[in-house]
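One structure is given below, encoded as structure tokens.
Proteins get letters first, then strands, A, B, ... in listed order; numbering begins at 1 in each. FYI, side chains are in, hydrogens and waters are out, and symmetry mates aren't considered; it's all heavy atoms of this structure. Every value quoted in this text rests on a predicted model; they were computed, and no experiment measured them.
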Amino acid sequence: MTSMSSDPVLADRLASLLPTDVDYCSIRSMSERYEQIMVRNGVVEPVHSVDDSGVMVTVWSNGGSGYAATAGSSDAAILAAVTEAGRWAAISVGRFAGGAPVSTGSRGSYRTTVDRPWNTSSLAERIDQVKIATEQLRTDDRIVDAQTAITDRTINTVFVDTAGARIEQTQTQLMPDMRVIAHDAGQTQSRSLGGFSQMGQGGSEVLDRFGFGPAPQRLAEEALELLDAPNCPTDVRDIVLAPDQMVLQIHESIGHPLELDRILGDERNFAGTSFVTLDMFGSFRYGSDLLNVTFDPTVGGEMASYDFDDDGTPAERTHLIREGILERPLGGGSSQQRAGLDGVANSRSSSWNRPAIDRMANLNLEPGDSSFDELIGGIEKGIYLETNTSWSIDDSRNKFQFSCERGTLIEDGELTTTVRNPSYRGISSTFWRNLSGVGDESTFEVMGVANCGKGEPSQVIWVGHASPPCRFSDVEVFGAES
Amino acid sequence: MNNTPTKDRAGYVDKLIDDATQSLSRDEVLLVAIGGETSNFVRFNHTLVRQAGSVDQMHASIDLSSGQRHCSMTVGLSGELDSDTAVFASAIDRLREQREAVPDDPYFMYATEVSSTSQVNPGTIPGGDEIVDTIGGLAEGTDLVGIWAAGEQFSAFANSLGQRNWFSSTTFNLDWSLYLRADKATKQQYAGFDWSTEVFERKLAEQRAHLAILERDPVVLAPGDYRAFLSAAATNEIVSMLMWGGFGIRSHRTTDSPLVKMTSEGRTLSPMVTISEDTTNGVAPNFESKGFMRPATVPLITDGAFVQPLVSPRSSREYDVATNGANSDESPASVSMLGGDLDTSSVIGALDTGLLISNLWYLNFSDRPNCRMTGMTRFATFWVENGEVVAPVAPMRFDDSAYGLLGDRLVALTSEAELTLDPFSYGARSTESSRLPGALVNDMRFTL
């Protein structure tokens, strides 16, 4: 369709299409553009671009609500969607699960600060950069697969409604993905950067933040080292999770359990429910005194920084867990109404073709006061775990089992032997109470993931997580068969 | 909204591609894969409507080549001819410009033999108002949560060589759970082409019977090894893990496949296990995005032995093996596993004492080279003693290898293989499906 984000008067045009005969109506246009460059084993894969946009219309009328999404950009197409959304609102009257419009008519704009735009260099130069990185991964005959990709994405959202809202937001993201597979004597090991944690808003500076330049040599060396490393021991010991594994730990065992729509039961048929119940907010001890978790859409360069959510609610930094005590859920305006609880501005949609639901945005574990050496130094028998490779957790987000690409044993306060195939398991509601050390500001890293799945219809969305490394006491760890 | 009949949609796509082809130079080849839907979604919670609406969308993935140099682009289409014609023209200009910067792609391959097809699978599905009334009315008094997704989905392939392929289906997929309380629930799916309220009522009645058992005090089992019956839905979760790199040639050649030991060491599953990509009996299109047709059936594992991998056109060039019409991810779109000799009505008696597992959840590999996976029981899982259902079982984590579950510890497969239409709708409603039996296994390992 015609690219709508380039229309300088788009907000005014959309506002002119808002109906006057319903209780509430919002129109959200959303466009997504991205370019992915990938090189695998020296071969440049087809450069792939995406240019997609459309409009989501939501109508509330007589206690019912409905939506309609259209790829049409003309006034006629959008007006047809308004009618269709109204028809669905009428269908739901008398059978609607509750809630009411939440917008207070906010106005504003947000745009990612980009220091060095990725696409200012020529396409040939961008391809060369990716190709060189991939070549640097292929250091040894035992490297059987090496690939690097960089995805540059811009998402533009324009939101107007009958409450007077006029919001325009543009997020620019850069997502590197580098992985190497080593194989020898029946053993396969891999190392990666980016895919599950290292990404952010911005331009080429995102690559520098994650050490993209020197990464290939390190990843190749580590993959080869893992081929000959001993298997992870099976026992109970202290663990220290690197920031790129903390991303997953926070996401699965804090983020999802605190989503208010899960607690209210919306996700029970698919993504699941939560061990957290409404009565826990304000009193439940989620973790040790060292645990402080914020919803923080203000962090520069984090994946889900924004000024407004997709219901038009202004977003601000808010503590969800303070000194281990649970304070607030991850719930947008609609869920807040249904639960009778204060929440945050996290009503988000993955695209123009999906309605907004409660999502994580930037969910961060705040720094503590331990240096990295102090975290490690206090452990007699432990393991340092890096980079998630497998994740599984029950539908109430309690019993989990996670695996990492690389482990390093900690013996008498020092990092010693590299081990392969490390996994650990635990129960969320007790795991965080064993948090015994939190890295300080110098160890804090701002990361994110692009593949958070949830919702019916299904949605996959980008979220931010920032964390220092953290130490947990008495965790069950184990390795693989061989 | 766009309610264009299928015949007109196909004609619309033809017109777009014909116009775009006119703009090509003699050395250029255009490949276009189109997917779209006009779908209704009604989300339920507590038997009430949580969110309801419709989505009308169409996307085209365009590949423009000259020799072995090419780039690709996915664009959204509005269904408005002037607008979409301009989108195509703009995309072609951009792809030409990008092509100047890329080297030859040695693995680029597309179908050069023109093979045009058209398949339309009509359906009879109720409108939004009718389905809201039906579900809300028949399930009144229960706690129903889930999703109704219904409407027409279509896929097309077209190229500048004149090939045209069209595939459309009008289907519904009601995926729901009835909750008793907390995590005590029973899950069902009713999907197909022609809706029948009677079938829905029958499934609801089965669920109500399960809820009565869920009322009983749950059994808490210690970690350990248990005999278990996996329903077709639970088997689907296990087989879905095999599909994650298990059947593609690329993952085998890079030694990253969970089934790599089947091709590198001759490891086998039980002789009862025969798995194929069964396009004929699925709901996925019978062509892929480079114009190759999919065979009716591609045997993958026969009598427990690996037969052949799925090979995409790209891998065909890379590994010098003929393509069998696989998508670029080389994962089955219509996976099928032959049934065995266990009568479905005899399952509980055959289990005798053990776990009756209706669903598994959130599986992932815990030891990929050994095809060991972990996941949770979910929804109605029952403890059975001496052929009688005793009580529900609290959620448990398993950690076990498919080489055991579908290998030397597989006791029997049900005679009936059940068709499941994938309920996921990431970006768009899925066209994938599975046709799988239930499985009786010994010593399934539970860890937490």
Counting heavy-atom pairs closer than 4.5 Å to chain B, which one of [options] comes out on top?
| options | result |
| --- | --- |
| A/Arg338, A/Gln459, A/Glu35, A/Glu476 | A/Arg338 |
| A/Asp395, A/Thr188, A/Val144 | A/Asp395 |
| A/Ile427, A/Asn398, A/Leu264 | A/Leu264 |
| A/Ser65, A/Ser49, A/Pro46 | A/Ser49 |
| A/Gly265, A/Ser351, A/Ala124, A/Ser423 | A/Gly265 |
| A/Gly94, A/Gly98, A/Gly272 | A/Gly272 |

Using heavy-atom distances under 4.5 Å, tell me whether [X] contacts chain B through its side chain, its backbone, both, or neither.
| X | result |
| --- | --- |
| A/Ser334 | side chain |
| A/Gln401 | both |
| A/Ser350 | neither |
| A/Ile393 | both |
| A/Glu45 | both |
| A/Lys454 | backbone |
| A/Phe402 | neither |
| A/Arg95 | both |
| A/Glu32 | neither |
| A/Val50 | both |
| A/Ala146 | neither |
| A/Arg126 | neither |

Side chains of [X] and [Y], donor plus acceptor under 3.5 Å:
| X | Y | answer |
| --- | --- | --- |
| A/Gln189 | A/Asn421 | yes |
| A/Ser274 | A/Ser396 | no |
| B/Asn173 | B/Gln189 | yes |
| B/Ser366 | B/Thr374 | no |
| B/Ser425 | A/Glu456 | no |
| B/Asp422 | B/Ser430 | yes |

Do you know which of [options] has the most heavy-atom pairs with chain A at a distance under 4.5 angstrom?
| options | answer |
| --- | --- |
| B/Thr47, B/Val42, B/Val102, B/Asp143 | B/Asp143 |
| B/Ala428, B/Ser65, B/Gly427 | B/Gly427 |
| B/Ala52, B/Ala101, B/Ser177 | B/Ala52 |
| B/Met373, B/His46, B/Arg429, B/Arg397 | B/Arg397 |
| B/Arg253, B/Arg314, B/His59 | B/Arg314 |
| B/Val145, B/Asp133, B/Thr377 | B/Val145 |

Between [X] and [Y] (salt bridge meaning N to carboxylate O under 4.0 Å), is one present in this structure?
| X | Y | value |
| --- | --- | --- |
| B/Asp256 | B/Arg250 | no |
| B/Asp399 | B/Arg372 | yes |
| B/Arg96 | B/Asp93 | yes |
| B/Arg50 | A/Glu267 | no |

Ring-face cation contact, B/Tyr179 with A/Arg268, 6.0 Å cut, 45° max: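 Here A/Arg268 passes the 6.0 Å and 45° test against B/Tyr179.
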Aromatic ring proximity, centroids under 6.0 angstrom, B/Phe44 and B/Trp148: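 Not close enough - the centres of the two rings lie 6.0 Å or further apart.
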Least distance between heavy atoms, A/Cys232 atom then A/Pro422 atom: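 Scanning both residues completely, I find the closest heavy atoms to be CB-CA, 3.7 Å.
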Test side-chain hydrogen bond (donor to acceptor under 3.5 Å, both in side chains) applied to A/Ser335 and A/Asp266, A/Asp358, A/Asp261, the passing residue: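 Exactly one option meets the side-chain hydrogen bond (donor to acceptor under 3.5 Å, both in side chains) with A/Ser335, and it is A/Asp358.
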Atom group of B/Glu318 that falls short of 4.5 Å from chain A, counting heavy atoms: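 Just its side chain gets close to chain A.
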